[in-house]
Each structure stands twice: as C-alpha cells, then as structure tokens.
Amino acid sequence: MAKARLFRLWLALGSVFMILVIIVYWDNVGTAHFYLHTSLSRPRAPELPPTPGPEGTKDFRAEVDEFLDKLLGSGLKPKEPSRGKTELPPLPAASKPSLGNIEERVRGYDWSTHEAQQSPDQDERQAERRRVLRDLCANSSFVFPTKERSFDDIPNYELNHLIVDDRHGIIYCYVPKVACTNWKRVMIVLSESLLDRGAPYREPLAIPREHVHNSRTHLTFNKFWRRYGKFSRHLMRVKLKKYTKFLFVRDPFVRLISAFRSKFELENDEFYRRFAVPMLRLYSNHTSLPASVSEAFSAGLKVSFANFIQYLLDPHTERLAPFNEHWRQVYRLCHPCQIDYDFVGKLETLDQDAAQLLRLLKVDQLLHFPPSYRNRTASSWEEDWFARIPLAWRQQLYKLYEADFVLFGYPKPESLLQD
C-alpha cells in the first residue's frame, strides 16, 4: 500500500515537472506561437536534462545551456524549399499611412525612389564597422563607464531595448532617434506580435505609432525574468549566440539635435512636464509656468537648445534619474562590448543598410523598409545649432558622448571643439 502511494506521488510530481518544463522552454517562442522560429515543420525537441542533485548545480547549469542550445538551434536551421507551395508574388510598394502623430505630420515621409543595390563595398563597410567595434572593446587603453562588466552584470532593467523575434531568430537593439519607429514596425510584422482584426500586420506603415512604442507590444530581454526566472540569463545567452543581432546608430551630436527638435520644439505634454518645466526653472529662472505645453508655447515659453545642453552637463541630472532614452548614450542602451552584434547600421546610410540587412535576415521578400522622413535632422546643421553654445560646454558634451563617437566610427567634430 505504501509503495502504491509512493508511486502515485512520484507520478504526480513527475507530471508537474514535465508541465513546468514545457511552459518554461516552449514559451520562449513568444506569447502566441508554439512553433520554433522559421522551420516549416516542428522539429523534434532534444531530450530533457536530468533533474539536478544537491551537489550538481554547476553541472546542471551547463546542461541547461546545452539543452537550450540544442532546442533553439534546431529551430534555426536553414529552411528547405517547400514543395507544393505557391511562390509569393513581389510585394507592392508601401502604401502611404494616415499621419496621426504630430511628429509624423510635421516631418512627413520621403516617398521618392532610393537605389539600394547590393555592392561589394557594402560588405566591406559592414565588416569594417564590426572590426572597429571589436578592436576598441578589446583595447584596454580605451576606457569608458561599464565597459569592463560582463553581460551577466548588466541589470535586467538595462536590457529593455533588446527586442526579440523568435520566429526568425532576430534581436534588435533600438536606439531612439535612429529610425527606431520604423524598425520596431518591421519587428512587429516579423514577430506577428500585434494583430489587426484578428490577423497579423503585414505592412509596417499600417501599424499605428501609439502601438509601435507600447512596451507591451514587444518581447524584450528585461521581461525574461518574469517568464523564465533563474533560467532567464541562460536563455538570453543562447539567443545571443544563435540569433542575428543588429542595431542602428547615428552621429551623437546630430542625434541630440534630433531629440531636441522632436521633444521640445513640438508640443509634447509628457516631455514638457517631465523635462521642460525643470529646465526652464533651473536654467531660465522661470518660477511660474503654465500647466500645459500648449499654454507655454502660446506664451513663448520654450526650452532653448542651450538649456538642453546645460541639463545634459549638469551633474545633478543623473543623480535624480538616468538620462532619458532619447539622449542616453548608445553604449548604455545596447551594450556593444558585452554583445557581439552581427550588423551595425547607420542612419547616414539607412537606405543601403536597411536593404542589406533585410537580405541578410532573408526577409526581403516579406516586407519593405519604410521610407525616410523628408526633413530628417542632417549633420550639416551641427555648426548652426552649436554656434551659440559656449566652447567649454561643447568640449564637455563631447567627453560625455565620446565613447559613442569612437565605438561607431564617427569623426571627432574638431570644428566644434576648437576656437
């Protein structure tokens, strides 16, 4: 009788364990998908690792890594051509969206045709960008904050910019003010993470901007802890090893100008309350300010670019809170010395880089990258924007963003840093 009860107990515990394993490991494909990545048929899962003993924690972790490696790797094998499938027709040109957001209404899209043909020098350029990044990360004489820490040392909340597409095995680190709205749209289409009347979006520009920037829309690394608990870092490492990782960057000073233009020259209530009001009080000596941004703009109360630079250089700013993502340094958003990126795109070569990346990801027949804004902030504007900024401030600002300049191959703006 005792043996029968013991057997039933072990049977129940084993069933619970198997259910937990299925939830933990199969849930890695996302909230709505129970197939792995892009394989046409579900691959057979490798056998589960044995239950750890009290003294086998280290070995168990290695086995978990190996198990996850096999599990994810099995779903990332190249797809065999499917027999009997109808070949997809060429995609039509992207349809123009209804511009509901003030920034998109003001800036508009450039619908002119851009040539983005593949050329040998594109591959060389990409290889050079990655080589420079790797060499600088390995160079002990080049030092900047957080450079020497390991991936495991990065807090979960600092991994919130790494968007995961498990269907195609892609990780995208988004950098605000570097075409991130449209790259997020691309990731939504690829991951099928958002539905429109019960069906996934197929056209990036059809996705409303408010959904694009809703954090609930995307699966990001910082959400892994809630899903996978102590296995989250193991799973992250396996995905970083197996998936194609990319980011897009921009000249750091031009990115700051773009952030200022969109957040402080256009009416934005959130940024007015959180940032403009404190800046106007601290750096323009305004004591009584309107409650809304529309009232402030009507009264001629706007943050100046000099106020914005003062705010960035003020040592008290980050004692209160880290920089907002729109002006936080790229090395703090994407951790390029802890993550070995497979593709480094630049806004300055966006059309060519986007076409090259979509071909690399083998999704160029699924979608087009949306067109650029017509009046995108240009690097030629730097001289005018910084003309009234004191030289000492410009030099301090360069030191603040120097790591981004150097890591991503942007030349030092000597004309701005000398009399």
Side-chain angles (χ1 to χ4, degrees), residues 99-107 145 155 157-158 160-161 174-178 180-181 184 208-216 222 250 252-330 332-333 373 375-377 381-382 384-401 404:
L99 301 180
N101 178 270
I102 185 170
E103 184 174 350
E104 293 187 342
R105 288 203 307 272
V106 170
R107 298 173 69 183
Y157 66 84
E158 289 187 20
N160 62 333
H161 280 242
Y174 74 90
V175 179
K177 310 315 302 174
V178 191
C180 79
T181 299
K184 283 182 178 181
R209 188 182 179 95
E210 59 269 22
H211 296 328
V212 173
H213 295 297
N214 187 332
S215 62
R216 290 179 296 179
N222 66 308
R250 186 181 196 175
F253 278 4
V254 180
R255 179 171 168 245
L256 288 180
I257 297 171
S258 178
F260 176 80
R261 290 179 67 206
S262 68
K263 301 307 175 188
F264 300 112
E265 288 198 333
L266 301 176
E267 292 188 9
N268 186 312
D269 270 310
E270 178 191 358
F271 277 77
Y272 172 73
R273 290 192 302 269
R274 289 181 59 194
F275 302 107
V277 168
M279 288 184 205
L280 290 168
R281 286 174 175 163
L282 284 170
Y283 312 120
S284 292
N285 296 319
H286 288 290
T287 54
S288 180
L289 291 165
S292 71
V293 66
S294 57
E295 293 175 302
F297 275 34
S298 298
L301 296 172
K302 291 186 178 182
V303 168
S304 69
F305 188 58
N307 293 154
F308 179 54
I309 300 303
Q310 280 180 285
Y311 169 81
L312 295 175
L313 298 178
D314 191 335
H316 291 92
T317 297
E318 289 215 87
R319 291 177 189 168
L320 298 175
F323 276 171
N324 178 269
E325 61 178 7
H326 291 85
W327 45 85
R328 194 180 309 165
Q329 297 91 329
V330 177
R332 295 171 62 186
L333 296 173
Y373 287 126
N375 60 340
R376 191 167 67 200
T377 306
W381 300 3
E382 279 185 329
D384 292 335
W385 277 87
F386 283 95
R388 298 184 180 180
I389 304 301
L391 176 62
W393 292 10
R394 284 180 255 157
Q395 292 170 339
Q396 291 176 56
L397 192 68
Y398 175 76
K399 293 302 293 182
L400 194 59
Y401 289 87
D404 282 356

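- The line from CD of Glu325 to CZ of Arg332 is 12.5 Å long, rounded to the nearest 0.5 Å.
- Taking 4.5 Å as the limit, every side-chain heavy atom of Ser262 sits out of range of all side-chain heavy atoms of Phe271.
- Taking the centre and axis of the six-membered ring of Tyr174, the NZ or CZ atom of Lys184 falls inside the cone set by 45° and 6.0 Å.
- Under the 6.0 Å cut-off for aromatic ring centres, Phe264 and Phe305 do not qualify, their centroids lying 6.0 Å or more apart.
- Of all non-hydrogen atoms in Pro176 and His161, the two that sit nearest each other are CD-CE1, 3.9 Å.
- Across all their heavy atoms, Leu333 and Val175 have their closest contact at CD1-CG1, 4.1 Å.
- For the pair Arg394/Leu397, no side-chain contact is recorded, criterion being any heavy-atom separation below 4.5 Å from C-beta on.
- Contact check for Lys263 versus Asn324: no side-chain heavy atoms found under the 4.5 Å cut-off.
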With side chain to side chain contact (heavy atoms under 4.5 Å, CB included) as the test, would you mind laying out the steps for Leu289 and Tyr272 before giving the verdict? CA-CA 11 Å; Leu289 291 165; Tyr272 172 73; 3.9 Å; yes
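- Looking at Phe323 and Thr317, their side chains come closer than 4.5 Å, going by heavy atoms from C-beta outward.
- A heavy-atom distance below 4.5 Å is not found between the side chains of Met279 and Ser304.
- The backbone N or O of Val330 sits less than 3.5 Å from a side-chain atom of Asp404, completing a donor-acceptor pair.
- Checked against the 6.0 Å centroid criterion, the rings of Phe308 and Trp385 do not qualify as a close aromatic pair.
- The backbone N or O of Val293 lies less than 3.5 Å from a partner atom in the side chain of Asp269, making a donor-acceptor pair.
- In this structure, CD on Gln396 lies 10.0 Å from CG on Leu391, to the nearest 0.5 angstrom.
- Shortest non-hydrogen contact noted between Thr181 and Val212 is O-CG1, 3.4 Å.
- Here the options are Phe275, Phe253, Phe260, Tyr401, the test is ring pair (Phe, Tyr, Trp, His ring centres under 6.0 Å), and the partner is Trp327; only Phe275 passes.
- A side-chain donor-acceptor contact under 3.5 Å links Arg250 and Ser258.
- Leu313 CG to Gln395 CD: the interatomic distance, rounded to the nearest 0.5 Å, is 11.5 Å.
- Between Gln329 and Leu400, the closest side-chain pair of non-hydrogen atoms falls below 4.5 Å.
- Closest heavy-atom contact between Arg255 and Arg328: NH1-O, 2.8 Å.
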